[in-house]
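Only one structure is covered here, and it is reproduced in the block below.
For the single chain, residues carry numbers from 1 onward in sequence order. Just so you know, these numbers come straight off a predicted model, no measurement behind them. The basis for the numbers below is simple: all heavy atoms, side chains too, and nothing from hydrogens, waters or symmetry mates.
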Amino acid sequence: MPALDKILGGLTKPARYAGGEWNIQIKDWDSTSVRIALAFPDIYEIGMSNLAIPILYEIINRQRSMLAERVYAPWIDMENALRESRLPLFSLETKRPIRDFDILGFSLGYELTYTNVLNMLDLSGIPILTRDRDSDRDNAPYPLVIAGGGACFNPEPMSDFIDLFVIGEGEEVVVELLELYKNLKEQGQKRPPKMDFLRQAANIAGIYVPQFYQAQYYGDSGILKSFNPVIPGIPDKIERRVVEILPAAVTHSVVPYVEVVHDRGVVEIQRGCTRGCRFCQAGVIYRPLRERPVEEVEQAISQIIRNCGFSEVSLLSLSTSDYAGIENLVSDLCRRFQQESLSLSLPSLRIDNFSVKLMDSLPAKRKTGLTFAPEAGTERLRQAINKGVSEELILQTVSTAYEHGWRSIKLYFMIGLPTETMDDVDGISDLVGKIVHAGKVKGSLPRVRTSVAVFIPKPHTPYQWLPQETLESLTPKYERLKMGIRRAKASFSYPDIKTSFLEAALSRGDRRLGKVIQHAFEMGCRFDAWSEKLDYAKWQQAFESCGLSMHFYAHRQRTLDELLPWSNIDLGVRPAYLWREFQRTFKDQGTPDCRHNLCNVCGMEEWSESCKKKYQVLLDNKGAKTVELT
């Protein structure tokens, strides 16, 4: 692509698009039967720090008859350059136009990247609506557009644009899909007829084809009435795909030439979490818990050092300190890779002295900072959301950290949680003040950074029926926090509340939101996850122009009997479990960790009529704690 050389020099970061990185895999185009472009709808630096694309990249390229190349969302300057020069969006490996690939596969991990998906399709010369891709152009069929990832557990808002969704873990199902595509392609067509492929793919476990299902609504209310398949033989519900054993770790990851967000090797030591925090969607969608054996972890790190040259490796997990034998693993790794001066990163540590001891055991020339997530300011509210950590334990943990030389602590909280009162909001400032004071007692004034996000009641969690708090309710809480945390002599950061409203509406929406997303894109919305790029007014206009309300999706209470847009997605977590956890919130009652007790997710009875009545009582009383639940 000679014209590409002329535009790269005028970009802020041309290395995002240059390719040629260490460990890229370039396979012969003509000798492979199926070619897929793996797309991440955000910039290179963020996409290269995400593990989903590297996992699929290695799995697919290990197949002799298949190839995978990568593409990331171009930044504004690159988009303008591509449009001005009339160049199509291309892959990093071979600079081949995305339009030439058989399949374009998006990794959707965050709802505020949806307009980037449409922009990447448009820049590729691919119609953004799936119905417009049914007919070929110039006898050259359009690529099949598929998607997977955490945001796909409610696929409906993007159903106008995606031909097929992978629900759940993609390591096995992606090969099954590509094998099906290859078999159909070998019957003599350049690309198999789209509908033939989709009909057969719809019968693969974990595959959801939106156009094969019809949604109906109750009049003008906007509430979903029914959601049924329109093609005989396909399942009513889509079961999440789960791999029984964690796939081989990525040990030949592509090494970027520019600094990325997480510039280090990664080994996923376990997948899933048994803690059962009621606000946490990840704790539901990544169940059950699966651990990688110690021997595999050590072997993977050895290969990463040899193949990628990284001197830092992150042991990835939703709760790293819960990995069985984590202390011995860290000790063994430090001893084994002492000569390589290996630095280990341990994200997602729970709040306890063990975590501090674990961090203390790491070889490091200087102590940087510790990160903890109390989530709520009072012990009562933490119990209600099943966070299950006492104030005494929090203060013990930070005191131990100070004694061991740590002087910087980052704290994550949320406001707008179910049953929250202003006392709970004040509890955040009070707790932060006590943490700062504990540091002063142990020496100099510590650096305590506090981040307070807006709670979003996500699908497939016990809070999926609840509304998000409104701007009118949240604003005085943030004003109170600003003053309280300032008095505590800690720093304070928080997101634009309107960003959280948009995320809530998109994550909890139905397929009617497709026209809203399209309208927002056509008005120029891009990189909505970036605060400096989000144009909330345009999104409001998009909702209004389509006759829809952001408030309807973000701030409306759902009833127990309401059919939810994601009700056709079966995660293997019974509704009765979600309902029971919802009940326990209003009793300030915790649920034990499944790792050490009978599993709280499986084996629950289905909802009874008495449960439904109790739920309605909760709604009528607006969650009043005086309601008796048994």
Side-chain angles (χ1 to χ4, degrees), residues 15-27 34-63 66-75 89-96 98 101-110 113-114 116-117 119-121 124 143-152 158 162 164-166 168-175 177-178 241 243 246-268 271 286 300 304 307-308 310 314 316 529:
R16 290 170 171 164
Y17 319 101
E21 308 104 316
W22 187 261
N23 284 339
I24 64 169
Q25 299 191 44
I26 300 179
K27 301 179 73 172
V34 184
R35 304 112 180 184
I36 181 171
L38 297 174
F40 191 87
D42 211 323
I43 61 170
Y44 177 88
E45 293 94 320
I46 295 177
M48 284 291 289
S49 303
N50 183 278
L51 191 57
I53 296 287
I55 289 175
L56 298 179
Y57 187 78
E58 282 202 7
I59 288 175
I60 295 170
N61 281 320
R62 282 200 297 265
Q63 315 300 315
M66 304 171 189
L67 71 77
E69 299 186 8
R70 298 162 298 136
V71 60
Y72 301 93
W75 188 243
L89 190 62
F90 54 86
S91 69
L92 284 181
E93 276 73 9
T94 61
K95 308 301 183 293
R96 188 176 289 272
I98 299 303
F101 286 80
D102 298 306
I103 300 172
L104 174 58
F106 284 97
S107 176
L108 297 183
Y110 188 35
T113 62
Y114 285 168
N116 285 0
V117 172
N119 196 40
M120 293 174 75
L121 289 170
S124 302
L144 188 78
V145 180
I146 69 175
C152 295
M158 288 294 285
I162 305 298
L164 172 157
F165 289 92
V166 174
E169 298 168 348
E171 288 94 341
E172 294 175 349
V173 68
V174 70
V175 177
L177 271 176
L178 298 188
R241 284 296 290 262
V243 295
L246 290 183
V250 177
T251 57
H252 289 78
S253 59
V254 176
V255 181
Y257 288 138
V258 296
E259 185 177 358
V260 298
V261 175
H262 299 302
D263 202 0
R264 53 181 176 253
V266 178
V267 177
E268 185 183 23
R271 188 177 297 180
Y286 293 115
I304 287 172
N307 299 330
C308 307
F310 286 118
S314 176
L316 184 64

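Remark: the backbone N or O of H252 is not paired with any side-chain donor or acceptor of N307 at under 3.5 angstrom. In terms of modelled atom types and a separation under 3.5 Å, the side chain of E21 and the main chain of V254 share no donor-acceptor contact. Judged purely by atom type and a 3.5 angstrom limit, E93 uses its side chain to pair as donor or acceptor with the backbone of R70. K95 places no side-chain N or O within donor-acceptor distance of the main-chain N or O of F90, the cut-off being under 3.5 Å.
Atom CG of L164 is separated from atom CD1 of I103 by 8.5 Å, given to the nearest 0.5 angstrom. With rounding to the nearest 0.5 angstrom, the CD atom of E171 is 6.5 Å from the CG atom of L56.
Ring geometry, Y72 versus F40: the interplanar angle falls from 30° to 60°, so the pair is classed tilted.
Counting heavy atoms from C-beta on, the side chains of V174 and V166 never come closer than 4.5 Å. No side-chain heavy atom of Q63 sits under 4.5 Å from any side-chain heavy atom of L178.
Under a cut-off of 6.0 angstrom, the local environment of OH in Y286 is sparse, with at most 12 non-hydrogen atoms contributed by other residues, nucleotides or ligands.
Under the salt bridge (Lys or Arg N to Asp or Glu O under 4.0 Å) criterion, the residue pairs touching residues 35-54 are K13-E45, R16-E45, with sequence neighbours excluded.
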Throw together a table of side-chain donor-acceptor distances under 3.5 angstrom for residues 256-267, partners on residues two or more places apart or in other chains.
| from | atom 1 | to | atom 2 | distance (Å) |
| --- | --- | --- | --- | --- |
| Y257 | OH | G20 | O | 3.0 |
| H262 | ND1 | R264 | NH2 | 3.2 |

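Just one residue in the list L38, V250, N23 forms a side-chain contact (heavy atoms from CB on, under 4.5 Å) with Y57, and that residue is L38. L104 pairs in a side-chain contact (heavy atoms from CB on, under 4.5 Å) with only one of the listed residues (L89, L121, L144), which is L121.
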* **From CA spacing to verdict: side chain to side chain contact (heavy atoms under 4.5 Å, CB included), F106, Y114** => CA-CA 10 Å; F106 284 97; Y114 285 168; over 6 Å; no

